[in-house]
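Working notes, beginning with the structure itself.
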Amino acid sequence: MQSSVIALTRDCEATEVPYGGLQVLPAGTKVRVTQSLGGSYTVSTEQGSMMRIEAKNADALGLTPQSQATQSAPGEFSEKLVWDQLKTVFDPEIPVNVVDLGLIYSCQITPAEGGGHKIDIQMSMTAPGCGMGDVLRADIERKLSQLPEVREVHAQIVFDPPWNPGRMSDAAKLQLGLDLDTGSQFPMYGS
């Protein structure tokens with residue numbers, strides 16, 4: 001998604017990608033929305049910075065916040081519902097959800113004390129130094145906490161085993177132009 005240049009209508013809190021630091025972009029800052037997935041907007045500034053703006057600040061972009069389809073998830077709790085909700089969490093740099101990127105290493109659902117369910121997630125990042133880990137972890141915890149009968153959610157970032165492109169789903173590899181067997185990029189014509 002490549003949009004036209006937008007001038008922020010008000011001061012707006014944003015998270016710097018990939019470092020994870022919070023900043024306030026002043027009103028009038030010119031940005032271009034490059035990704036609008038999972039309830040947030042990734043924008044690039046005229047200075048070349050990439051920033052993530054939460055849906056609650058969509059009005060600063062002159063936009064209406066995206067629908068949070070599973071915010072009050074219909075139906076009964078199920079493992080499928082958990083995985084479907086995990087697929088609504090997106091890497092701000094890559095237009096692929098954390099499940100298809102292969103960042104979710106384990107998802108354990110157990111009974112919570114007093115009823116309901118407890119969910120423990122082990123996840124990784126595409127690079128150990130990525131500052132977006134806490135942001136994505138918080139997204140996962142917030143979104144899974146909204147599911148029916150969920151009482152506790154804990155997401156932990158791990159780096160063993162290290163993530164590699166081979167962990168991605170075939171659909172994600174195709175979307176990103178990677179070879180299905182190795183996860184490496186297809187060679188360019190004439191190279």
Side-chain angles (χ1 to χ4, degrees), residues 1 12-15 17-18 20 22 33-43 51-61 63-128 130-161 163 167-176:
M1 167 185 189
C12 179
E13 187 176 87
T15 303
V17 178
L22 286 177
V33 178
T34 59
Q35 181 171 296
S36 174
L37 297 167
S40 65
Y41 304 89
T42 301
V43 301
M51 308 295 284
R52 177 180 158 168
I53 296 176
E54 298 299 327
K56 68 182 180 183
N57 291 314
D59 65 297
L61 294 164
L63 302 172
T64 303
Q66 301 166 356
S67 165
Q68 298 295 315
T70 51
Q71 203 164 50
S72 55
E76 293 183 25
F77 178 86
S78 67
E79 185 173 351
K80 180 185 180 322
L81 191 60
V82 171
W83 284 101
D84 287 348
Q85 189 75 326
L86 285 169
K87 287 182 178 183
T88 69
V89 177
F90 286 82
D91 183 296
E93 294 179 278
I94 307 169
V96 177
N97 67 69
V98 295
V99 173
D100 288 333
L101 271 175
L103 297 181
I104 304 300
Y105 282 11
S106 75
C107 173
Q108 294 187 345
I109 302 166
T110 56
E113 191 173 312
H117 303 281
K118 177 181 174 189
I119 304 172
D120 289 296
I121 301 288
Q122 285 196 337
M123 62 181 288
S124 192
M125 303 302 295
T126 57
C130 180
M132 296 304 290
D134 286 338
V135 173
L136 293 178
R137 183 184 52 73
D139 280 356
I140 286 171
E141 289 179 345
R142 179 179 47 81
K143 288 185 174 194
L144 292 181
S145 292
Q146 296 171 352
L147 294 176
E149 302 175 38
V150 171
R151 304 294 176 254
E152 293 179 54
V153 180
H154 301 282
Q156 176 186 12
I157 298 172
V158 298
F159 293 104
D160 188 27
W163 179 88
R167 295 189 57 86
M168 290 191 292
S169 70
D170 286 348
K173 289 177 189 175
L174 286 172
Q175 181 179 350
L176 297 174

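A donor-acceptor pair under 3.5 Å is formed between the side chain of Q175 and the backbone N or O of P95. N57 places no side-chain N or O within 3.5 Å of a backbone atom of A60 that could act as its donor or acceptor partner. Put simply, the side chain of E149 never gets that close to the backbone of E76: no donor and acceptor are under 3.5 Å apart. Under a 3.5 Å cut-off, the side chain of S36 and the backbone N or O of Y41 do not form any donor-acceptor pair. A donor-acceptor pair is defined here as one N or O able to donate and one able to accept, closer than 3.5 Å; such a pair exists between the side chain of Y105 and the backbone of P161. Side-chain N or O atoms of W83 include none that pairs as donor or acceptor with a backbone N or O of C107 at under 3.5 Å.
A distance of 7.5 Å separates CZ in R167 from OG in S124, rounded to the nearest 0.5 Å. Separation of atoms CG (L136) and CE (M123) is listed at 5.0 Å; rounding is to 0.5 Å. Taken from CD1 in I121 to OG in S106, the straight-line distance is 7.0 Å, to the nearest 0.5 Å. Once rounded to the nearest 0.5 Å, the distance linking CG of N97 with CD1 of I104 reads 9.0 Å. The CE atom of M125 lies 9.5 Å from the CG atom of L101; values are rounded to the nearest 0.5 Å. Taken to the nearest 0.5 Å, the CD1 atom of I157 stands 10.0 Å off from the CG atom of L103.
Closest non-hydrogen pair, A58 versus T64, comes out as CB-C, 4.1 Å. Between F90 and V96, the closest heavy-atom pair is CD2-C, 3.5 Å. The two residues Q35 and E93 make their nearest non-hydrogen contact at OE1-C, 4.2 Å. Here the closest non-hydrogen pair linking A112 and R151 is CB-CB, 3.8 Å. Across all their heavy atoms, G38 and K143 have their closest contact at O-NZ, 2.8 Å. Residues L86 and L144 come closest through the heavy atom pair CD2-CD1, 3.9 Å.
Looking at P148 and L81, their side chains come closer than 4.5 Å, going by heavy atoms from C-beta outward. For the pair E79 and I109, the minimum side-chain heavy-atom distance is below 4.5 Å. Counting only heavy atoms from C-beta outward, the side chains of W163 and M168 approach each other to under 4.5 Å. Side-chain contact between Q156 and D120 is absent, with no heavy atoms from C-beta onward closer than 4.5 Å.
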Derivation of the side-chain contact (heavy atoms from CB on, under 4.5 Å) call for D91 and M132: CA-CA 8 Å; D91 183 296; M132 296 304 290; over 6 Å; no
side-chain contact (heavy atoms from CB on, under 4.5 Å) between K118 and H154, intermediate numbers included: CA-CA 8 Å; K118 177 181 174 189; H154 301 282; 3.8 Å; yes
Stepwise side-chain contact (heavy atoms from CB on, under 4.5 Å) check, L61 with V43: CA-CA 10 Å; L61 294 164; V43 301; 4.3 Å; yes
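For the pair E54 and R52, the salt-bridge criterion is met [side-chain N within less than 4.0 Å of a carboxylate O]. Salt-bridge formation is detected for the pair D139/R142: a Lys NZ or Arg NE/NH1/NH2 atom is positioned less than 4.0 Å from an Asp or Glu carboxylate oxygen.
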